[in-house]
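Each chain gets a letter, A, B and so on, in the order its sequence line appears, and its residues count up from 1.
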There are 2 protein chains.
Amino acid sequence: MVSRNGCVRLFFGGDRPGERSLPRGRRTARPSGDDRELAILATAERLLTEKPLSAISVDDLARGAGISRPTFYFYFASKDAVLLTLLDRVVAEADAATLDASLLPAAGPREGWRRTITTYYETFRAHRALTLAWAEARSSSAEIRELWARVSGDWARRCAVAIEAERARGAAPPGPPALDLAILLTSMNERALYATFSGDGPAVDEAGVVEVLLEVWLRTIYGVSPAD
Amino acid sequence: MVSRNGCVRLFFGGDRPGERSLPRGRRTARPSGDDRELAILATAERLLTEKPLSAISVDDLARGAGISRPTFYFYFASKDAVLLTLLDRVVAEADAATLDASLLPAAGPREGWRRTITTYYETFRAHRALTLAWAEARSSSAEIRELWARVSGDWARRCAVAIEAERARGAAPPGPPALDLAILLTSMNERALYATFSGDGPAVDEAGVVEVLLEVWLRTIYGVSPAD
DNA sequence: GACGCTATCGACGGACTGTCGAACGAGTCA
DNA sequence: TGACTCGTTCGACAGTCCGTCGATAGCGTC
């Protein structure tokens, strides 16, 4: 009796929403394992829009998917594993969106950076509940922490490359190491978007947050600081 | 049988470390309630340097303080209440440090903002374990979330006032609402320091983080962004 | 010396977790 | 046809943690 995990993640890694394989007409008496899996994932995403991750038990997920608690463990090793699978999907989506955005030609730096920030913003806004759960689970699950570290590390490295390019072509002045700046700016985006989505703590309102973020990015990358 | 909480928080609010009242020589047979309280708090702070908040049980705290688990509940309503008490102390310390820093005259803007950021940084660095626990508990406890919201809100408002003053005296150019900028910059500091302290995810190293943060603040407050 | 306040703990009930082992249905192969 | 496997399911168990109730014990005090 081996858990199906791992396979699940690979499955979703290569999957695009709405592209499920065929068994549309014929049906076996019992729903298939894949249906169960999807039911668990759907239940998780639905419940997360209603209450925080910590208030959702394995039993909730199992009942929501129409199975018993032990059966849940046949599909996923834990509640965190479900979240991880869900996040893999969002990450894939974000990567695709970033790629698309980077292919379009930009009118100028402001336009280019605005698109970069907007892409990031829209991707997570589209999965607001998941984003909040992600932040919550980062404390409790090492795997989720690692996934996050990888994603935000990639993101920061990509931005650093872009900053260096701007410096190389003379559009941006020299300054602190580009990677350090990129890390700080992406950290700011992460934290600011979390605050805006969750609504606790001081936050810039949802309508204006991208423009203000953009302004901070532009001033940081293209501006210079005064000498005392 | 009423829990002592609330009183506890007031007690610590007005307390400075090392200023305990007198019974140094004489001793009652049983350690007093205040001793127990302090023992619990000390145990919590010690254990937090060894493992994350989620890995510490009420039983751990009780045993560490030399009492049984039910007795723990005589002193604190929950594990989170202990953390809240600890955090109140750090917040008081941070407020005092900020006040001290704001009284010194600064040589110029760079020097002034550096001191502001350094104060914030040093205060939390001095209680690294607590800072990480704080972030962890923000998901699970509404009270801790509110304390955090209050503290970081105050902090952002104070910075906004300073930015407006710089604009008023002509040292800083106009730009987005000062409070929005202040919220983003303080969010950046918060997230960046957490990353630097915890070491997971991309982070600027501890030696350099204040200088790079400072550069982002200065460019954002005093710089201008290019038109496309 | 009876009363009340502070402090203490054993024991309980409840929520949740993760696992073990039995069982059941569907396909396959002798 | 029966036996054997494999994927799937769940009841039941053991374990951890939590928060509470009720009994009790010392200390001050009126």
Nearest-nucleotide pick for A/Pro70, side chain only, options being C/dC20, D/dC13, D/dC18:
C/dC20
Can you sort out the partners of B/Trp113 under side-chain hydrogen bond (donor to acceptor under 3.5 Å, both in side chains), two or more places apart, ordered by chain and number?
B/Tyr222
Rounded to whole Å, the CZ-C1' distance (B/Arg63 to C/dC9) equals 12 Å
Listed nucleotide nearest any side-chain atom of B/Tyr73, set D/dT9, C/dT6, D/dG19:
D/dG19
From OH of A/Tyr75 across to P of C/dT19 the rounded distance in Å is 18 Å
Using whole Å, what does the distance between atom P of nucleotide C/dT6 and atom CD of B/Glu37 come to?
13 Å
Non-neighbouring partners of B/Tyr194 that pass ring pair (Phe, Tyr, Trp, His ring centres under 6.0 Å), sequence neighbours left out
none
Mind checking what makes side chain to side chain contact (heavy atoms under 4.5 Å, CB included) contact with A/Ser102, not counting sequence neighbours?
A/Leu99
Among pairs that include at least one residue of residues 177-188 of chain A, which meet salt bridge (Lys or Arg N to Asp or Glu O under 4.0 Å), considering only residues two or more places apart or in two chains?
none
Work out how much the helix from C/dG1-D/dC30 to C/dA30-D/dT1 bends between its end axes, five pairs an end, to the nearest 10 degrees.
30°
Contacts of A/Ser54 meeting side chain to side chain contact (heavy atoms under 4.5 Å, CB included) (sequence neighbours excluded), chain-then-number -> A/Pro52, A/Glu136
Taken to the nearest whole Å, CG/B/Asp80 to P/D/dC17 is 16 Å
May I ask you to check whether A/Trp217 and A/Asn189 show a side-chain donor-acceptor distance below 3.5 Å?
yes
What is the distance from NZ of A/Lys79 to C1' of C/dT17, rounded to the nearest Å?
10 Å
List the residues meeting side chain to side chain contact (heavy atoms under 4.5 Å, CB included) with B/Ala94, not counting sequence neighbours, and say none if there are none.
B/Thr123
Nearest-Å distance, CD1 (B/Ile67) to C1' (C/dC9)?
11 Å
Check for a donor-acceptor pair, side chain of B/Thr131 on one end and backbone N or O of B/Phe124 on the other, with a separation under 3.5 Å.
yes
Set of residues satisfying side chain to side chain contact (heavy atoms under 4.5 Å, CB included) with respect to B/Thr118, sequence neighbours excluded:
B/Arg114, B/Glu122, B/Val210
May I ask you to verify if any side-chain N or O of B/Thr71 is less than 4.0 angstrom from the OP1 or OP2 atom of C/dC9?
yes
Starting from C1' on D/dG26, measure out to CZ on B/Arg36 and report it in whole angstrom.
14 Å
In whole angstrom, give the distance that lies between atom CG of A/Asp34 and atom P of D/dG7.
13 Å
Taking only heavy atoms on the protein side, list every residue of residues 44-60 of chain A lying under 4.0 Å from any atom of DNA chain C, sorted numerically.
A/Ser57, A/Val58
Of the nucleotides D/dA12, C/dT8, D/dT8, which one has an atom closest to the side chain of A/Arg69?
D/dA12
